[in-house]
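Quick notes on the structure that follows.
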Amino acid sequence: MNVFVLFEERIDDAITALVADGVLPEGTEARGLTVEPPRDPSHGDLASNAAMVLAKAAKMKPRDLAEQLAEKLRADPDVNEVEIAGPGFINLRLAPEFWRGVVGAVLKQGQNFGKGPDRPGKKVNVEYVSANPTGPLHVGHVRGAVFGDALANLLAFAGYDVAREYYINDAGSQIDTLCRSAYMRYREALGEEIGDIPEGLYPGDYLKPVGEALVASHGDALLSDDETEWMPVIREVSLHMMMEMIRSDLATLNIKQDVFFSERSMIQGDKDIVAATIEELRGKGMIYEGRLEPPKGTTPPEDWEDREQTLFRSTDFGDDVDRALIKSDGTYTYFASDMAYHHDKYLRGFNVQIDVWGADHAGYIKRVDAAIQALTDKQAEFDVKVCQLVRLYRGGEPVKMSKRAGTFVTLREVVDEVGPDPVRFMMLYRKNEAPLDFDFKAVTETAKENPVFYVQYGHARVCSAMRNAEETFPGIAEKVKTVNVDGLGQLDDEGELGIMRRLAAFPRLVEAAAHAHEPHRIAFYLYELAGDFHAQYNRGKDQPQLRFIRDDDRDLTIARLALVQAVGTVLYTGLSLLGVHAPQEMR
RNA sequence: GGUCCCGUAGCUCAGCUGGAUAGAGCAGCUGACUUCUAAUCAGCAGGUCCCAGGUUCGAAUCCUGGCGGGAUCACCA
């Protein structure tokens with residue numbers, strides 16, 4: 001149940017009624033009508049702009065029209081008060097019974113509270129991580145991984161049919177580099193003194209196991225000066241082991257993906273869907289042979305070569321320059337493969353595609369967007385979520401990292417140090433396009449300024465209250481589960497009603513966050529809900545009559561606990577969307 | 001130089017895709033706290049929403065042009 005949608009419908013009904021009364025002209029439609037929580041709670045529970053958006057068509061003053069609508073709304077039994085304010089806002093104050101009904105709804109629906117309706121015809125593909133299979137995941141991958149995972153959770157909860165996908169870049173020249181690096185480790189594993197790993201190869205120790213595995217399976221049979229002899233074998237083994245490592249890295253953060261799509265698979269054997277994609281575009285007249293200008297404003301790459309090449313007319317779709325598809329050695333550019341890949345996703349039925357990328361790839365958006373538009377005749381919806389940099393701190397001091405020296409911080413190091421929950425929550429406690437500071441010390445502190453703790457503690461406190469109540473009133477938990485609206489009648493404290501309003505906002509929030517592809521809104525909401533709850537708990541110190549557990553009043557305790565349990569349920573649901581554990585207790 | 005992102009309280013950031021008197025945490029100040037599980041709670045103070053135009057009943061939010069910061073520019077991935 002979404003309160004705001006519910007009242008949008010009721011206001012719509014009121015408009016229809018006014019049309020029937022002849023007050024509004026036939027065919028009046030409420031375009032841009034909204035029902036929202038007012039910023040200032042003193043304005044009521046719900047505010048609508050209906051009168052203001054209709055005034056022009058109705059040729060009436062907004063306030064007069066508002067009064068007519070108000071008249072209709074006053075007849076609604078859920079509405080306690082209707083007020084016209086400001087330029088023509090209609091402010092509604094709902095009956096307390098209505099808000100208590102929300103508590104009942106949460107208890108009844110449990111973790112389904114806030115869930116969106118099925119959306120037939122919307123098949124969403126969320127692609128995230130897609131790190132090169134050349135080494136372990138490092139901290140730069142973490143944000144996108146968590147973001148994509150949470151976004152997929154959110155979309156699924158909001159009712160979309162969602163697939164989670166990882167695109168394996170296993171076809172480019174970086175894989176040859178990987179193989180040559182692994183080959184060094186292979187020779188090393190055979191007892192050879194290899195010295196330093198040559199410049200340009202991957203120096204990391206994580207390739208040692210690959211070398212050892214190769215010795216175990218092939219002995220010294222791969223030793224050869226001719227690369228083409230060992231390359232295929234080493235490629236297969238290395239890629240497999242790198243992907244296993246990456247999967248296990250992802251598992252430490254509880255990141256799940258359904259499909260691992262291999263770039264190479266598109267051009268293996270006799271099939272070549274990259275070529276097919278290019279031909280399809282050629283058929284549409286979007287491919288030509290031509291020359292490109294050297295890049296401007298920056299020094300051209302040393303190996304810049306002015307030559308005629310196969311180009312895609314991405315400028316027709318808003319890109320800055322047309323893009324090359326085939327390299328001088330005859331292989332496909334990364335972009336050509338990517339084009340085919342996104343096309344493939346569309347052919348698999350995904351009419352909504354969301355890619356999660358790092359900030360350094362932002363300049364790549366236009367060309368992929370152009371390709372998708374061209375290949376799907378603009379039928380596919382494409383959104384790239386760009387995650388800005390994560391800066392690491394420890395106790396306020398920047399953590400030094402040098403990519404050149406190879407001292408990057410791995411995902412596993414971060415998770416090992418602070419645990420998965422703080423990592424996941426903090427990566428989502430900022431909108432994706434803003435840079436993010438991650439402080440190893442701050443995220444494990446047990447204090448309000450650490451939102452992870454504050455929210456998790458809220459959930460633990462709910463569980464604790466239930467346990468305590470069970471000691472005072474054995475069997476009360478069962479009563480709480482089945483409480484009806486009449487039983488909640490005693491919940492009339494302003495703080496309690498405030499919590500109910502917050503709970504009622506959850507379905508709308510889920511809907512909006514999913515629509516905007518912004519999981520961070522869930523994190524901020526949970527912080528606010530936890531804040532409401534902790535505040536109410538603390539009010540019981542000064543005013544014992546407000547305590548959740550009242551030894552002298554079992555019925556009141558049941559009602560209060562129903563609200564407490566509802567808070568716990570929504571905290572649990574929200575944390576699950578973020579992929580964060582909701583603890584029963586804090587130790 | 002082009003493109004993309006960011007610019008909101010002293011600091012770190014929200015602001016529900018156009019609503020009313022712009023919010024939270026930290027830091028500062030004032031008070032409460034031998035606890036229904038502690039690590040908090042209540043309050044005060046703090047603002048040229050980068051600037052200038054525009055769109056309209058109404059702009060932090062949308063458009064245009066600037067300013068400042070970051071990222072990026074390829075036959076790499």
Side-chain angles (χ1 to χ4, degrees), chain A residues 4 32 34 36-40 42-43 47 49 52-53 55-56 61-62 85-89 91 132 134 169 171-175 292 294-298 300-301 303-305 307 309-310 319-321 323-329 331-338 358-366 386 388-389 429-431 433-437 445-451 453-454 457 460-461 463-465 467-469 472 505 508-509 511-513 515-516 518 520-521 524-525 527-528 531 534-542 544 547-551 557 560 564 585-587:
Chain A
F4 304 92
T34 61
E36 331 185 86
R39 267 187 197 162
D40 185 343
S42 74
H43 289 143
N49 62 354
M52 291 180 288
V53 296
K56 224 173 211 174
K61 287 182 187 163
F89 286 103
N91 291 337
N132 282 341
T134 55
N169 297 137
S173 59
Q174 82 282 4
I175 300 304
L292 287 178
K296 292 195 176 71
T298 177
D303 52 354
W304 175 262
E305 181 191 346
R307 70 172 181 101
Q309 49 190 337
T310 306
D319 197 6
D320 307 317
V321 292
R323 301 294 173 178
L325 300 177
I326 297 173
K327 296 190 259 182
S328 52
D329 66 0
T331 61
Y332 298 117
T333 62
Y334 179 80
F335 173 59
S337 301
D338 222 5
D360 52 342
H361 285 61
Y364 199 70
I365 296 173
K366 281 185 184 175
V386 172
Q388 293 293 328
L389 278 177
Y429 200 62
R430 195 107 310 171
K431 58 181 175 221
E433 58 270 298
L436 184 152
D437 294 344
E445 262 162 34
T446 53
K448 179 171 189 177
E449 54 268 31
N450 176 11
F453 164 76
Y454 193 68
Y457 181 39
R461 186 170 252 176
C463 297
S464 148
R467 283 193 299 269
N468 285 334
T472 313
R508 178 177 190 263
L509 176 89
E511 164 72 32
H515 183 256
E518 289 184 349
H520 76 273
R521 295 192 200 180
F524 281 92
Y525 169 85
Y527 187 74
E528 285 167 357
H534 288 307
Q536 188 64 15
Y537 175 94
N538 275 72
R539 238 163 252 142
K541 286 183 193 170
D542 297 337
R547 294 185 172 204
F548 300 146
I549 299 169
R550 296 285 308 271
D551 297 359
T557 303
R560 297 246 166 100
V564 168
E585 57 183 353
M586 304 296 274
R587 287 286 173 203

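Quick note: numbers below take in every heavy atom, side chains included, and nothing from hydrogens, waters or symmetry partners. Quick note on labels: first sequence line is chain A, next is B, and so on, each numbered from 1.
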key: Euclidean distance, atom CD of residue A:Glu511 to atom P of B:C16 [Å, nearest integer]   = 15 Å
key: Gap in Å between the two C1' atoms, one belonging to B:A22 and one to B:C67, rounded   = 24 Å
Residue-phosphate contact under 4.0 Å: A:Lys431 side-chain N/O, B:G15 OP1/OP2 = yes
task = Look through every strand shown and name the nucleotide pairing with B:G1 as Watson-Crick or G-U wobble, where both distances are under 3.5 Å.
result = B:C73
ask   = Given that A:Tyr429 and A:Asn49 both sit by RNA chain B, which one's nearest nucleotide is further toward the 5' end?
value = A:Tyr429
request  = Assess whether one donor atom and one acceptor atom, taken from the side chain of A:Arg307 and the base of B:C75, lie less than 3.5 Å apart.
outcome  = yes
query = NA contact type, A:Ala324, heavy-atom cut-off 4.0 Å: base, sugar-phosphate, or nothing?
reply = sugar-phosphate
inquiry  = In whole Å, I'd like the distance from the CZ atom of A:Arg430 to the P atom of B:U12.
reply    = 10 Å
ask   = Which value, in whole Å, describes the distance between the P atoms of nucleotides B:C11 and B:A27?
value = 16 Å
task = Have a look at A:Tyr364 and say if it touches a base, only the backbone sugar-phosphate, or nothing, with a 4.0 Å heavy-atom cut-off.
result = base
ask   = Taking atom C1' of B:A20 as reference, at what distance in whole Å does atom NE2 of A:His43 sit?
value = 5 Å
inquiry  = Distance check, C1' atoms only: B:A9 and B:C73, in whole angstrom units.
reply    = 37 Å
inquiry  = Categorize A:Pro435 for me: base, sugar-phosphate, or nothing, with a 4.0 angstrom heavy-atom threshold over every strand shown.
reply    = sugar-phosphate
ask   = Reckon A:Lys56 has a side-chain N or O less than 4.0 Å from the OP1 or OP2 of B:C57?
value = yes
ask   = How far does the P atom of B:G2 sit from the matching atom of B:G66, given to the nearest Å?
value = 9 Å
message = Over all strands shown, is A:Asp542 touching base, sugar-phosphate only, or nothing at heavy-atom distances under 4.0 angstrom?
response = sugar-phosphate
inquiry  = Strictly by Watson-Crick or wobble contacts shorter than 3.5 Å, is anything paired with B:G28, and which nucleotide is it?
reply    = B:C44
inquiry  = Applying a 4.0 Å non-hydrogen cut-off, can you work out what A:Ala465 is touching in the nucleic acid: base, sugar-phosphate, or nothing?
reply    = nothing
ask   = Does any nucleotide pair with B:A38 by Watson-Crick or G-U wobble geometry, both distances under 3.5 Å, and what is it?
value = none
inquiry  = So, does A:Lys448 get its side chain near the phosphate of B:C41, meaning an N or O under 4.0 Å from OP1 or OP2?
reply    = yes
Residue A:Asn91, side-chain heavy atoms: nucleotide from B:A20, B:U40, B:C76 that is nearest = B:A20
inquiry  = Under 4.0 Å, heavy atoms only, any strand: does A:Arg560 hit a base, just the sugar-phosphate, or nothing?
reply    = nothing
task = Could you check whether the rings of A:Phe524 and A:Tyr429 sit parallel, tilted or perpendicular, using 30° and 60° as the cut-offs?
result = parallel
message = Just the rounded figure in Å: distance from P of B:C16 to CZ of A:Phe4.
response = 14 Å
query = Given B:A77, B:C6, B:U17, which nucleotide is nearest the side-chain atoms of A:His515?
reply = B:U17
task = Decide yes or no, distance alone: a donor-acceptor N/O pair under 3.5 angstrom between the base of B:C75 and the side-chain of A:Ser328.
result = yes
ask   = What nucleic acid atoms does A:Pro87 come within less than 4.0 Å of, heavy atoms only: base, sugar-phosphate, or nothing?
value = base
note = Looking only at B:U40, B:A14, B:A71, the nucleotide nearest the A:Phe524 side chain is B:A14
ask   = Nearest to the side chain of A:Thr333, which nucleotide is it out of B:C75, B:A39, B:A24?
value = B:C75
key: Atom-pair distance (CZ on A:Phe453; P on B:C26), nearest Å   = 13 Å
ask   = Where the side chain of A:Thr557 meets the backbone of A:Arg550, is there a donor-acceptor pair that is under 3.5 Å apart?
value = yes
Residue matched to B:C16 through Watson-Crick or wobble contacts both under 3.5 angstrom = none
request  = Compare the minimum distances between each of B:G15, B:U40, B:A77 and the side chain of A:Asn538, then state the nucleotide with the smallest one.
outcome  = B:U40
task = Report which part of the nucleic acid A:Thr34 touches: base, sugar-phosphate, or nothing (heavy-atom distance under 4.0 Å, all strands).
result = nothing
ask   = Under 5.5 Å between ring centres and under 30° between planes: does that hold for A:Phe89 against the base of B:A20?
value = yes
message = For A:Val564 and A:Tyr537: C-alpha separation, side-chain torsions, deciding distance, then whether side-chain contact (heavy atoms from CB on, under 4.5 Å) applies.
response = CA-CA 10 Å; A:Val564 168; A:Tyr537 175 94; over 6 Å; no
message = Measuring to OP1 and OP2 of B:A74, would you say a side-chain N or O of A:Arg323 lies under 4.0 angstrom away?
response = yes
remark   = Under a 3.5 Å limit on both distances, the Watson-Crick or wobble mate of B:U56 is none
key: Nearest-angstrom distance from the residue atom CE of A:Met52 to C1' of B:G18   = 11 Å
query = Between A:Met586 and A:Thr446, is a side-chain contact (heavy atoms from CB on, under 4.5 Å) present by the stated rule, with each step listed?
reply = CA-CA 10 Å; A:Met586 304 296 274; A:Thr446 53; 6.0 Å; no
request  = Sticking with atom P, work out how far B:G23 lies from B:C49, rounded to a whole angstrom.
outcome  = 14 Å
message = How many whole angstroms separate atom CD of A:Gln388 from atom P of B:C4?
response = 14 Å
ask   = For the pair made of CD in A:Glu445 and C1' in B:A38, what is the distance, rounded to whole Å?
value = 16 Å
task = Please measure how far the C1' atom in B:U61 lies from the corresponding atom in B:G54, and state the result in whole Å.
result = 15 Å
ask   = Can A:Tyr454 and A:Glu449 be said to form a side-chain contact (heavy atoms from CB on, under 4.5 Å), step by step?
value = CA-CA 8 Å; A:Tyr454 193 68; A:Glu449 54 268 31; over 6 Å; no
message = What's the gap between B:G7 and B:A60 when it is taken at their C1' atoms, as a whole Å value?
response = 11 Å
query = Looking only at atom types and distance, does a side-chain atom of A:Thr333 sit under 3.5 Å from a main-chain N or O of A:Ala324, one as donor and one as acceptor?
reply = yes
query = B:G25 phosphate, OP1 or OP2: any side-chain N/O from A:His534 under 4.0 angstrom?
reply = no
task = Quick one: label A:Ala47 by what it contacts on the DNA or RNA (base, sugar-phosphate, nothing), any heavy atom closer than 4.0 Å.
result = base
query = So, is the end of the A:Arg323 side chain (NZ or CZ) under 6.0 Å from the ring centre of A:Phe335 and within 45° of the ring's axis?
reply = no
query = Donor-acceptor pair, A:His534 side chain versus A:Arg461 backbone, under 3.5 Å?
reply = no
ask   = What is the pairing partner of B:C33, taking Watson-Crick or G-U wobble pairs with both distances under 3.5 Å in any strand?
value = none
message = Quick check: any donor-acceptor pair below 3.5 Å linking the side-chain of A:Asp338 to the base of B:A77?
response = no
query = Does the side-chain contact (heavy atoms from CB on, under 4.5 Å) test come out yes or no for A:Gln536 and A:Arg539, once each step is laid out?
reply = CA-CA 5 Å; A:Gln536 188 64 15; A:Arg539 238 163 252 142; 2.5 Å; yes
request  = Any strand is fair game: report the nucleotide pairing with B:A9 by Watson-Crick or G-U wobble, both distances under 3.5 Å, or none.
outcome  = none
inquiry  = Is the phosphate of B:U40 approached by A:Arg461 (side-chain N or O, under 4.0 Å from OP1 or OP2)?
reply    = no
message = Say we look at B:G1 and B:C57: how far apart would their C1' atoms be, to the nearest angstrom?
response = 43 Å
inquiry  = Using modelled atom types and a 3.5 Å cut-off, is there a donor and acceptor pairing between side-chain atoms of A:Asp319 and backbone atoms of A:Lys366?
reply    = no
query = Within the structure, does a side-chain N or O atom of A:Tyr537 lie under 4.0 Å from either OP1 or OP2 of B:C41?
reply = no
ask   = With both distances under 3.5 Å as the test, what is the Watson-Crick or G-U wobble partner of B:C49?
value = none
